[in-house]
Amino acid sequence: AQSVAQPEDQVNVAEGNPLTVKCTYSVSGNPYLFWYVQYPNRGLQFLLKYITGDNLVKGSYGFEAEFNKSQTSFHLKKPSALVSDSALYFCAVRADPGYSTLTFGKGTMLLVSP
Amino acid sequence: NAGVTQTPKFQVLKTGQSMTLQCAQDMNHEYMSWYRQDPGMGLRLIHYSVGAGITDQGEVPNGYNVSRSTTEDFPLRLLSAAPSQTSVYFCASSRTGPGGYTFGSGTRLTVV
C-alpha cells in the first residue's frame, strides 16, 4: 500500500524568508509525486509534479520541490515566502503505472506573517 | 473548457435521506475519482473508475455508491445519509499515465 506523511500540521514563516514544507512517501515501484495547494473554501490547485529526470522540479508561483529517492522525500520549497502563500498544502503519491490511485498526505497549513 | 464540474456546491440533508452528487468532466479523461476531505485527515479516496463501466472501491467506500455509464459522468450516491458523512466532497479526473489530477470545486455536505 502507498502512503504519504506530512510531519508538520502547521509551518510558520515570516514574509521574505525561505520556506520548506516536508513530505515523505512510501510506494512500491517508481513514484509519481505531486504537490497541491488549497486556499480557503476552494478546490485543490496543482503546483508541481515529479515524474522522472531532474530531482529539482519547478512549479507554479515560484515553488519548487526536491525529490530524494534515498530518503523517500519530496519537500516543497520557496526561496522567499509571500503572505499570499498562506494556504493548506497537500503532498500526494501515485505509483507507476498510471492506473493507480493518488494517495494524499494529511496536509500542512502554511502561515506566512507580514 | 469547463474542466471538472461538481453540483451542488452546498447541500444539507436529514439523516436517512438519499442524494446524488454530480460530477462531469469534458476533457475525455479515462480516470475519475471521489474523495472526501475532513479536518486533519487529508483527502480520502471513496471510489474510483478507470473507464466507462469500471468502478472500484477506495479507502472509505461504505455508505456510498458509484456508477460510470459514460466517460464524462461519475455520480456519487449516498444511500442513507448519516452525520458521519458530513464532509467536503471532491471529484477529480485524469488521463491514464503519470499526470496529476484535475479537481472540481467541491460539494460541502452537512447531514443533520
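In what follows, chains are A, B, ... by sequence order, proteins preceding strands, each numbered from 1. Note that these values count all heavy atoms, side chains included, but never hydrogens, waters or copies made by symmetry.
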So do T101(A) and Y31(B) actually touch side chain to side chain, heavy atoms under 4.5 Å? yes

Consider only side-chain heavy atoms of I, L, V, M, F, W and Y, link residues closer than 4.5 Å, and tell whether W34(B) and F10(B) are in one cluster. no

Can you tell which part of S105(B) gets under 4.5 Å to a heavy atom of chain A, answering side chain, backbone, both or neither? backbone

Is there a path from L76(B) to M32(B) through hydrophobic residues (I, L, V, M, F, W, Y) whose side chains come within less than 4.5 Å of each other? yes

Hits for side chain to side chain contact (heavy atoms under 4.5 Å, CB included) against Q11(B), two or more places apart or cross-chain, chain-then-number order -> P8(B), L13(B), M19(B), L109(B)

If I take atom OG from residue S94(B) and atom CZ from residue F46(A), how far apart are they, to the nearest 0.5 angstrom? 11.5 Å

Interchain contact, L44(A) with chain B, by part (heavy-atom threshold 4.5 Å): both

With a 4.5 angstrom heavy-atom cut-off, which part of L43(B) approaches chain A: side chain, backbone, both or neither? both

Between chain B and each of R42(A), M109(A), K106(A), count heavy-atom pairs under 4.5 Å; write down the option with the most. K106(A)

Are the side chains of N41(A) and R108(B) in contact, using a 4.5 Å heavy-atom criterion? yes

Do L33(A) and Y89(A) land in one hydrophobic cluster if side-chain heavy atoms of ILVMFWY residues count as linked below 4.5 Å? yes

Hydrophobic cluster membership, with links at side-chain heavy-atom distances under 4.5 Å among I/L/V/M/F/W/Y: are V4(A) and V11(A) in one? yes

Are Y101(B) and R94(A) side-chain neighbours, meaning at least one heavy-atom pair lies under 4.5 Å? yes

Measuring heavy-atom distances to chain B, does Q6(A) have an atom under 4.5 Å in its side chain, in its backbone, in both, or in neither? neither

Is any side-chain heavy atom of Q37(B) closer than 4.5 Å to a side-chain heavy atom of L88(A)? yes

Sort and list the pairs that fulfil ring-ring contact (aromatic ring centres under 6.0 Å, His included) and have at least one residue in residues 78-97 of chain B, not counting sequence neighbours. Y64(B)-Y89(B)

Determine whether L47(A) and V93(A) fall in the same hydrophobic cluster, where Ile, Leu, Val, Met, Phe, Trp and Tyr are linked whenever their side-chain heavy atoms lie under 4.5 Å apart. yes

